[in-house]
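To find a chain, count down the sequence lines: A is the first, B the second, and so on, and within it residues start at 1. When reading the values below, keep in mind they use all heavy atoms of this one structure, side chains included, and skip hydrogens, waters and symmetry mates.
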Amino acid sequence: MRIQVIRSGGFAGIERRAVLDTAGRPDAFRLHTLARDVLAGDQGGPPQGVPDGFRYEIAVDGRTVHCADPWLTEEQRELVQLVLKEGA
Amino acid sequence: MEQTPVFCTIVPPHVLDKVARNEDRALAEPARRTLERDAAERTRRRLTTVIGALPVPGAEPSDRPRRTISDAEHRTDLPGRAVRGEGDPALADATVNRAYDGLGATFELYLTAYGRHSIDDSGLPLDATVHYDRDYNNAFWNGEQMVFGDGDGEIFLDFTLPLDVIGHELTHGVTQYTANLDYFGQSGALNESMSDVFGSLIKQYALGQTADEADWLIGAGLLAPRVTGVALRSMKAPGTAYDDDVLGKDPQPGHMDAYVRTSRDNGGVHINSGIPNRAFHLLATALGGNAWERAGLVWYDVLTGGALPPRATFAEFAQATVAAAAGRFGEGEEHAAVVKAWSEVGIATALGGTDVPRQSPAPEGARPPAQG
């Protein structure tokens, strides 16, 4: 499973993007679970967000969902942190 | 028992907005509750703008701020634990104290320079949360309060360090209660620019700097030592604040020729704000002296005058500042300097042209009625 996160906005307005492939990763099961939960919680289109808040585009195997701070679910937050931290 | 929302998420937010304002509380309350938690709370800002912007009944605006600093203790629940209230002595936590002092400095500029009593001009309490999340590289305004991360120490340091960042966040609140500029595209970039302009003025006022002495940087002192850059934005020279291996290069344009079209960052609100930022810098340095006095007053008149549409374009805003300068100071030096500043960033303010919205001259206390 290929998971991509693009974070835009924020006070600095600096975009960050990262992608990781779950194949062969020891935490693949956890990532798959998180990714499925995030896709299931799709609100349909980018939320309005708040001034200076981060916006996220999360793409899982070609399907894209949007979310924004400060209203991330636990699953969205964990997935975003894992991908942005470890993805390349 | 958990109350089931009467209006589920298939009801469009604008309909709920209308229902929430219904005089019949039996209708309005469930709609308001639904709005408040609907769609992961994403409509909260709209709701606060529409409903929460009413002055607190019976409250006389005080010349003293009412500050509360809370500690998120590295979690993401807001507001977190209240740790320092108004008049409380300083704590051992420097982040808490910086937020407290920064809110005070912001309140002070708005009051002394513009006669404004807090965010809503009715003495709204100033609430801020620090230590949000872990290694959190951001600060934001959530429609009700300011939120500051500690930074990761690798790229960003503590977001309470620069006073202009605190002023920037609080000014998002002022904008929400006044022009309510839509946070997308050009109006969103104007919203961002208001926060940078008044954030910078708050720092200049606190340091007692004239327009020539000020650095006109946003976020100076926020970048970690290993980052190649001086700040996050430069109002004086947009696009020159940083150029770094990890962060990339400051993408801000300083002229309409280089306006950036993008769907990300709400249509580039943190990018194209460089254009109106530079126009303000050009005006302030052309006039000289304290930037919060004449230049700041013209901008403040437009922000709070009630005539600016929420989806104002750069051109509409520029025309409004030309009218405001004439209304405040007559058609003299200030008016000419405003026209010139916008012209230098590629925005014509079309004298005698089409139906430019004119703002009536505004001697003290005689501004056009506020919106809403």
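Looking only at side-chain heavy atoms (C-beta outward), B/Gln186 and B/Asn272 stay at 4.5 Å or farther from each other. Counting heavy atoms from C-beta on, the side chains of A/Leu82 and A/Ile3 never come closer than 4.5 Å. Looking at A/Arg7 and A/Leu84, their side chains come closer than 4.5 Å, going by heavy atoms from C-beta outward. No side-chain heavy atom of B/Phe148 sits less than 4.5 Å from a side-chain heavy atom of B/Thr95. Looking at heavy atoms from C-beta onward, B/Ile166 lies out of side-chain contact with B/Ile202 at the 4.5 angstrom threshold. In this structure the side chain of A/Tyr56 reaches within 4.5 angstrom of the side chain of A/Asp69, judged on heavy atoms. Side-chain contact between A/Val50 and A/Trp71: present, with at least one pair of heavy atoms (C-beta onward) separated by less than 4.5 Å. Here the side chains of A/Val5 and A/Arg16 are not in contact, with every heavy-atom distance at 4.5 Å or above.
When every heavy atom of B/Pro276 is checked against every heavy atom of B/Ala189, the shortest pair comes out as CG-O, 4.5 Å. B/Ser70 and B/Pro79 make their closest contact through CB-O, 3.0 Å (heavy atoms, listed as atom of the first residue, atom of the second, distance). The two residues B/Thr129 and B/Ala72 come nearest to each other via the heavy atoms CG2-CB, 3.6 Å. Taking every heavy atom of both residues into account, A/Ser8 and B/Asp265 meet most closely at OG-N, 3.1 Å. The nearest pair of heavy atoms linking B/Gln252 to B/His270 is NE2-O, 3.0 Å. Taking all atoms of both residues into account, the shortest heavy-atom contact from B/Leu163 to B/Gly102 is CD1-CA, 3.6 Å.
Your options are A/Gly10, A/Cys67, A/Gly41, and the one with the most heavy-atom pairs under 4.5 Å with chain B is A/Gly10. Between chain A and the residues B/Asn138, B/Leu232, B/Asp135, B/Val269, the largest count of heavy-atom pairs under 4.5 Å involves B/Asn138. Between chain A and the options B/Asp133, B/Ile271, B/Thr175, the largest number of non-hydrogen pairs under 4.5 Å is found for B/Asp133.
Geometric assessment of B/Arg233 against the ring of A/Phe11 yields a positive cation-pi assignment under the 6.0 Å and 45° thresholds.
Among residues 72-80 of chain A, the residues having any heavy atom closer than 4.5 Å to a heavy atom of chain B are, in sequence order, A/Arg77. Annotation: residues 239-251 of chain B contacts chain A through B/Tyr242, B/Leu247 [non-hydrogen atoms, separation under 4.5 Å]. Within residues 153-162 of chain B, the residues having any heavy atom closer than 4.5 Å to a heavy atom of chain A are B/Phe156, B/Phe159, listed by residue number. Annotation: residues 216-223 of chain B contacts chain A through B/Ile218 [non-hydrogen atoms, separation under 4.5 Å].
If you measure heavy-atom distances from B/Tyr136 to chain A, the contacts under 4.5 Å come from the side chain alone.
Side-chain N/O atoms of B/His168 and B/Glu192 include a donor and acceptor closer than 3.5 Å.
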Would B/Asn191 and B/Gln176 satisfy side-chain contact (heavy atoms from CB on, under 4.5 Å), going step by step from the backbone distance to the final call? CA-CA 9 Å; B/Asn191 189 321; B/Gln176 177 181 311; over 6 Å; no
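Note on ring orientation: taking the six-membered ring where Trp is involved, the planes of B/Tyr132 and B/Phe140 are perpendicular (angle over 60°, cut-offs 30° and 60°).
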